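Below, chains carry the letters A, B, ... as their sequence lines are ordered, and counting in each starts from 1. None of these values were measured; they are calculated from a predicted model.
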Amino acid sequence: MDFLTAGFTAAFAPGNLLALIAGSALGIIVGVLPGLGPMVGMVVLLPFTFGLEPSVALSLLLGVFCGGYFGGAVPAILLRTPGVPSSIVTSFDGYPLTERGEAQTALSSALVGSLAGGLISVVLLMALAPLLAGIARSFGPPEYLFAAILGLVLVIVANRGRLAQTTILTGIGMWLATVGIDGPTLAPRFTFGFWDLQNGLDLVALILGLFGIGQALLLLEQGLLKTDNLKLAGNRLGLDHIRRAFGYPRTLLRSGVIGTFIGLLPGTGTMLASYLSYDVTRRRSRNPESFGQGNPEGCIAAEAANNAVPAGAMIPLLTLGIPGEALSALLLGVFTLNGIYPGPLLLVKEPQLISTLYWSMLLINLISFAMLAVLLRPFAMVVRIPPAILSVCVIVVSLIGIYAVNNRLFDCGVALVAGAFGYFLLRAGWPVVALVMGIVIGPIIENRLRQSLSMGDGDLSHILTRPVSLVLLAVIVLLVVLPPLSDAARRKKRAGR
Amino acid sequence: MSADEQPQSPGENLALALIGLVALILLVASPWLVDRSGPDPYYKGPLIYPQLVLAIIVVAALRPAIQAIRHPTGIRGIDLMPRRSLGVFALMCAFPVMIAAIGLAPACLLAMALGLITARQSWQRSLIIAIAGAAVLWLLFKGLLDIWFPQPWLLDMVRG
């Protein structure tokens with residue numbers, strides 16, 4: 001319990017508290033701005049974290065991570081333009097409520113949902129992470145290998161509507177991670193004779209280019225922000241509305257749990273969490289037909305689930321060192337930049353840091369909620385910034401930021417090429433997240449594969465004697481085999497009708 | 001194709017097939033592109049994993065490639081970036097060169113001002129935002145974070 005107290009004290013230290021407030025505010029701003037989102041906020045902020053204590057840096061970025069989901073609901077409700085993709089589900093009921101002049105009800109429901117989802121997921125993170133870390137402590141290279149492969153398979157299965165694109169993008173990500181000097185053998189790989197490529201392609205440059213620059217170029221082209229119909233009565237949320245939103249305890253709890261467990265699964269993301277929770281709530285409602293017409297419970301379900309995803313995604317990151325999605329992949333980069341290596345031993349080696357992180361996540365949810373409740377109108381007005389100005393500023397800050405990571409102009413070139421690629425991928429609707437997951441999980445798979453092969457002198461059959469490996473392998477096989485079989489059965493049933 | 005799988009357009013099939021072709025070339029050339037001079041056995045060496053990954057890409061690209069060959073009709077010219085995005089992107093490609101040539105603050109000022117004008121903002125607004133933006137960025141990165149930036153070679157040349 002001592003580490004929990006120490007973490008509590010550290011979370012309330014002035015520097016950390018300031019980072020939490022600044023991160024949450026920035027997160028809300030990038031969340032409110034459609035087309036940007038927490039990913040862009042985090043990558044732009046990354047260079048500013050280098051001189052900070054690891055716990056402060058993580059609190060700042062976690063603030064953006066969680067605050068973004070809070071902010072995303074605001075334009076979804078007021079403009080029917082989601083700030084983050086998953087908030088589109090919030091707009092199903094939020095916008096009809098706004099049209100009926102009940103924007104306060106919609107916003108209160110969404111924000112109370114976000115708060116409850118965030119808090120429930122942090123409590124689950126505190127309870128589940130040590131359990132999983134305990135299991136993960138018995139992991140050897142083969143178990144890690146299959147856990148990492150499982151992560152990628154889940155990304156591919158989650159995007160099976162675009163199976164070829166997802167598999168190829170994952171493969172490209174895995175290949176890009178091999179460029180440069182190979183760690184164990186010191187052999188140059190795919191450097192094509194360029195000195196600059198010997199250091200490999202910087203992870204931050206690639207992610208920043210794909211998401212930051214790519215998204216900014218898309219924003220410039222599409223001019224997503226529509227600000228003509230922004231209506232908001234009052235500067236802050238009314239207490240009555242907030243109290244009424246707490247009148248759905250079952251929905252709040254169920255959606256928070258759904259969001260946390262969806263967050264556990266790599267690559268599935270907030271969109272699935274929001275939609276699944278919304279659908280379950282609608283089915284269980286006595287008035288399912290009122291959903292989509294302006295039912296506040298719909299806003300609660302969607303927001304509670306999507307705001308529970310960040311803490312859920314932290315569970316595999318902290319216990320296995322395997323990120324759940326692109327944002328936690330970036331957090332993994334921040335951990336390693338600060339000399340912290342996530343995995344089962346992290347909870348033993350750095351209990352105070354982890355405890356600070358838990359408390360920080362709790363505080364971020366409370367701070368983000370309080371900020372939006374009190375300063376609703378100023379935050380909502382951020383959408384009036386012209387997208388062209390935003391885009392140019394995001395690209396310039398991103399490029400200077402990426403230079404600042406390694407003091408290499410070459411990395412700016414990498415980010416620009418990745419940005420152009422990201423722009424085309426985003427425009428075509430291809431799953432960019434698969435590429436990022438390939439880049440991040442690729443090295444884990446390579447290291448563990450070579451270790452596993454070395455254990456058996458080039459033979460992998462020894463893994464069949466390890467129960468955890470076998471279970472993970474069975475899950476992977478089931479995930480690969482079951483979807484096509486169920487699709488075939490569905491087709492057969494349809495043909496038989 | 002699974003029931004939930006979205007059909008790919010001919011253009012998408014062609015793009016995937018081209019990626020597959022590049023992966024195939026890299027796979028074939030990989031023994032020459034990866035230094036294998038170390039004493040390690042193959043299973044510990046640097047080549048096994050990239051070859052596996054490239055093989056996965058090639059296999060995943062097979063079906064789109066077959067579809068692209070079977071149904072080549074409908075492939076139109078690739079719709080590249082619109083002029084405005086392309087202009088801003090080209091400017092931003094020059095931005096790192098500008099930092100090396102004229103230094104951080106002037107490069108930020110120039111890139112932001114020209115970028116905003118290209119993005120169809122009025123020149124007065126562009127200039128004000130660029131001056132403010134350049135000042136803030138200079139203060140943050142040079143003043144606060146003390147990041148090292150290369151000595152501007154163009155200014156050095158002018159100064160002699």
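Minimum interatomic distance between B:P64 and A:A164 (heavy atoms only, all atoms of both residues): CG-CB, 3.9 Å. Residues A:V396 and B:C108 approach most closely at CG1-SG, 4.5 Å, considering heavy atoms. For the residue pair A:W430 and B:A15, the shortest heavy atom distance occurs at CH2-CB, 4.3 Å. Considering every non-hydrogen atom in both A:E221 and B:R84, the closest pair reads O-NH2, 4.4 Å. Heavy-atom minimum distance, A:T185 versus B:K44: CG2-O, 3.9 Å. In this structure, B:A119 and A:L220 approach most closely via the heavy-atom pair CB-CD1, 3.7 Å.
With a 4.5 angstrom heavy-atom cutoff, A:L449 touches chain B only via side-chain atoms. In this structure, the portions of B:P150 lying under 4.5 Å from any heavy atom of chain A include both its backbone and its side chain. Contact annotation for B:I48: only side-chain heavy atoms (C-beta onward) come within less than 4.5 Å of a heavy atom of chain A. Residue B:L137 touches chain A through its side chain alone, counting heavy-atom pairs closer than 4.5 Å. Heavy-atom distances place no part of A:L186 under 4.5 Å from chain B, backbone and side chain included. Residue A:T178 touches chain B through its side chain alone, counting heavy-atom pairs closer than 4.5 Å. When heavy atoms are compared at a cutoff of 4.5 Å, B:L91 does not approach chain A at all. Proximity to chain B involves both the backbone and the side chain of A:P188, based on heavy atoms less than 4.5 angstrom apart. No part of B:R120 comes within reach of chain A, as not one of its non-hydrogen atoms sits under 4.5 angstrom from that chain.
Of the listed residues (A:A404, A:G183, A:C412), the one with the most heavy-atom contacts under 4.5 Å to chain B is A:A404. In terms of heavy-atom pairs under 4.5 Å with chain B, the best-connected choice from A:C393, A:G458, A:A388 is A:G458. Chosen from B:G45, B:S30, B:A111, the residue pairing most often with chain A at heavy-atom distances under 4.5 Å is B:G45. Chain B forms more heavy-atom pairs under 4.5 Å with one residue of A:A488, A:S391, A:G442, A:G413 than with any other, namely A:G442. Taking chain A as the reference chain and counting heavy-atom pairs below 4.5 Å, the highest number among B:D40, B:L62, B:V34, B:V58 is found for B:V34.
Summarising the local packing, CZ of B:F149 is surrounded by more than 12 heavy atoms from other residues, nucleotides or ligands at distances under 6.0 Å. B:Y42 OH: more than 12 foreign heavy atoms inside a 6.0 Å radius.
Side-chain contact between B:F95 and A:L416: absent, with no pair of heavy atoms (C-beta onward) separated by less than 4.5 Å. The shortest side-chain heavy-atom distance between A:I389 and B:R125 falls under the 4.5 Å cut-off. Two residues are said to be in side-chain contact when any heavy atoms from C-beta on lie closer than 4.5 Å; A:D457 and B:Y43 meet this criterion.
Of the residues listed (A:L217, A:I395, A:I213), the one engaging B:M92 in a side-chain contact (heavy atoms from CB on, under 4.5 Å) is A:I395, and it is the only one. Of the residues listed (B:L104, B:I147, B:I99), the one engaging A:Y403 in a side-chain contact (heavy atoms from CB on, under 4.5 Å) is B:I147, and it is the only one.
Between A:L399 atom CG and B:M98 atom CE the span is 10.0 Å, to the nearest 0.5 Å.
Without hydrogens or angle criteria, A:R189 side chain to B:P46 main chain gives a donor-acceptor distance under 3.5 Å.
Proximity to chain A among residues 49-57 of chain B is limited to B:Y49, B:P50, B:L52, B:V53, B:L54, B:I56, B:I57, judged by heavy-atom separations below 4.5 angstrom.
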